[in-house]
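Each remark here refers to the structure printed beneath this line.
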Amino acid sequence: MIKTNMKLTPEEIDILNGSQGETMRKTMETLVRYGDAYHAECLVPLDGAIHVVCSFGMPTLRPFFKIMEQYVAEGIKTKLPFTADPRPMDYENVEATEKEKQVFNMIYADQEKYEETLRKVGLKDKNAFSCACYFDEVGNIPKRGDILAWAESSAVVYANSVIGARTNRTSGVMELFSGIVGKTPKFGFLTDEGRKADWIVEVKTAKKPRPQVLGSAIGMKVLEQVPYIRGLDRWIGTELTSDAKDFLKDMGAATASNGAVGLYHVEHLTPEAKDFGESLIRPNAKTYIIDDAELERVVASYPIMWKNVDDSPEIAFVGCPHCSFVQLCEWTQTLEQALKEAGKEKVIIPTIFTTAPDVIAEFKKSEFYPRLMATGAHLTYICPLMYMSNPLCSAKRVITNSNKLRTYSVARYVDDAELIHAVVKGGLH
Amino acid sequence: MKEFHGRAVIPGELKGSALVSHTGFNVLASFWKSLTEGQNPSICVDQNNKEFFGKKLTGEILCIPQVVGSTTAGMIIQSVAALGTQPKAMLFSHTAESLAISGVLLADIWENKKIITVDGLGDEFLNYVKGGEQLEITADGTVRIYE
């Protein structure tokens, strides 16, 4: 058996000795050595389902798929049904040329087979593909204090910060191993000490900051550390209303992608900040002041990856992370109003909103769905990042209001007003 | 000769020349061509990393602050190890974060490919090493730099 500093139970030691076969032995060895690397004291049981970050059947990831196939062959499943990140393709709602389809079908050649394997290993259901697995409609909703092992960075920061659950920024594969064993190493955000703030962020803007830019500024400054954010409750309130949660979802995704933030506290708003206040701040915490000028500086620092910055955009994406039901309703009204004011009926470039399959199902039952479709917009369940992984697609001039999509692709960041202008009137300000 | 001491996450002994990046190593972006086209050896295609862009990563000793980017990084490192296009070693000035740790563990345990990994070498290590110097890594996490 491998040497470890962790305190293991007799059952865990038995698995390490091969009592449940070689696949489980290697799974346990990986988790234990992973925990040892972070001086974890033990493995702790998961309270909630995992969320798997790899949702795409890329043939070169076959070493990972092979592990999953071994689980299937041996009848091994996760302890609880799980959710996964969004699918990469939806030709019905996101147009693709024959050449683009050929490339997508090559990059994601194992997609169908991989989804089948996910189902056999414990995927919740055929719709369980969204980066925002915590939406009511999707149903992977942890409770405060729950121990989790999630890997999708935007979901991790939401679960830790807004819900008050406890998960590390687990790497892909490790979250699946934790789901299989039903346990995860105890370190980092799973401990009280690991959840303390290294930074005080003072929001001193004269107007409500854009969540995607505020999150970007915070992420770039604090990197992987924990910020305690003051002054934001002035703009989004002291209760976790749906508007506040949507703001925090988008802000958090930007902190996690522009930096590597896995947890933030918002004074007077998020659960731990409400209960423990300033006692969450480490004595030697640094301070970062954010005013309007600082946010303008951050936006001005974004590189524009287009060949000609003055060209007009060709496609717009909204929904990275996935839009909530309420956000879709709000965007429908905003688009309708902008089209009416411009004397137009439909958007002039493909305008693609992304959300979870379960949210689409609910949205289709509402009065807003036909209204959104009437604007000419598209609604899909894909991940825009995976769309941009196709070089034929990323060669187009894509705009987005998502700082995550901007960071990981050549898409250009625009604010909501600029995006509306571009899709209704054409061009950028 | 200058000597630095870190933690041997995947211990091993090795001599070779240093390839240095002072910015975070984005695994997914760097190995993209290996992943999508089976490129062997792997050439870094991360345009945001000016020091690594266009350079061979396979078989090299990477000296980096930390791994950044997508949380798929662990499985990417496992995949490039399975393809045989992995670096020989990764030397971190910071504590290696979970993306890197999981990747080198997956490569070791599931693919039987050791990527020697030493972390916590300190900021001075990356300030000192410029690239091209001869390095000697020992199993206790010591890194010697010969000019």
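Quick note on labels: first sequence line is chain A, next is B, and so on, each numbered from 1. All values reported here derive from a predicted model rather than from experimental measurement.
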So which of B:Ser98, B:Gly74, B:Ser34 has the largest heavy-atom pair count under 4.5 angstrom toward chain A?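 Top count of heavy-atom pairs under 4.5 Å with chain A: B:Ser98.
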
Identify which of B:Glu111, B:Arg7, B:Glu97 forms the greatest number of heavy-atom pairs closer than 4.5 Å to chain A.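 Heavy-atom pair counts peak at B:Arg7.
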
Pick one of side chain, backbone, both or neither for [X], based on which atoms fall under 4.5 Å of a heavy atom in chain B.
X	answer
A:Ser55	neither
A:Thr23	both
A:Thr170	backbone
A:Phe65	neither
A:Glu152	backbone
A:Tyr408	side chain

Engaged part of [X] at the chain A interface, taking heavy atoms whose separation is under 4.5 Å:
X	value
B:Asp119	neither
B:Ile77	neither
B:Ala96	backbone

Other residues, nucleotides and ligands only: do more than 12 of their heavy atoms fall within 6.0 Å of CG on B:Asn112?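 At most 12 heavy atoms, drawn from other residues, nucleotides or ligands, come within 6.0 Å of this atom.
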
Please say whether more than 12 non-hydrogen atoms of neighbouring residues, nucleotides or ligands are located less than 6.0 Å from NZ in B:Lys88.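 No, the 6.0 Å shell around NZ holds no more than 12 heavy atoms from other groups.
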
Between A:Ile107, A:Ile67, A:Asp36, A:Val53, who has the most heavy-atom pairs with chain B when the cutoff is under 4.5 Å?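 Most heavy-atom pairs under 4.5 Å with chain B: A:Ile67.
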
Any donor-acceptor pair under 3.5 Å linking the side chain of A:Arg195 with the backbone of A:Phe189?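 Yes.
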
Would A:Glu69 and A:Arg62 pass as an ion pair if we require N to O under 4.0 Å?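 No.
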
Decide, yes or no, whether a salt bridge links A:Glu12 with A:Lys183 under the criterion of side-chain N to carboxylate O below 4.0 Å.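 Salt bridge present between A:Glu12 and A:Lys183.
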
Aromatic rings B:Phe25 and B:Phe31: how do their planes relate, parallel, tilted or perpendicular, breaks at 30° and 60°?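 Geometry flag for B:Phe31 against B:Phe25: perpendicular rings.
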
Please evaluate residues B:Lys33 and B:Ser42 with respect to the criterion side chain to side chain contact (heavy atoms under 4.5 Å, CB included), reporting the C-alpha separation (whole Å), side-chain torsions for both, the decisive distance (0.1 Å), and the verdict. CA-CA 7 Å; B:Lys33 279 217 167 181; B:Ser42 283; over 6 Å; no

For a 4.5 angstrom cut-off between non-hydrogen side-chain atoms, does A:Arg412 reach A:Val398?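 Side-chain contact under 4.5 Å: no.
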
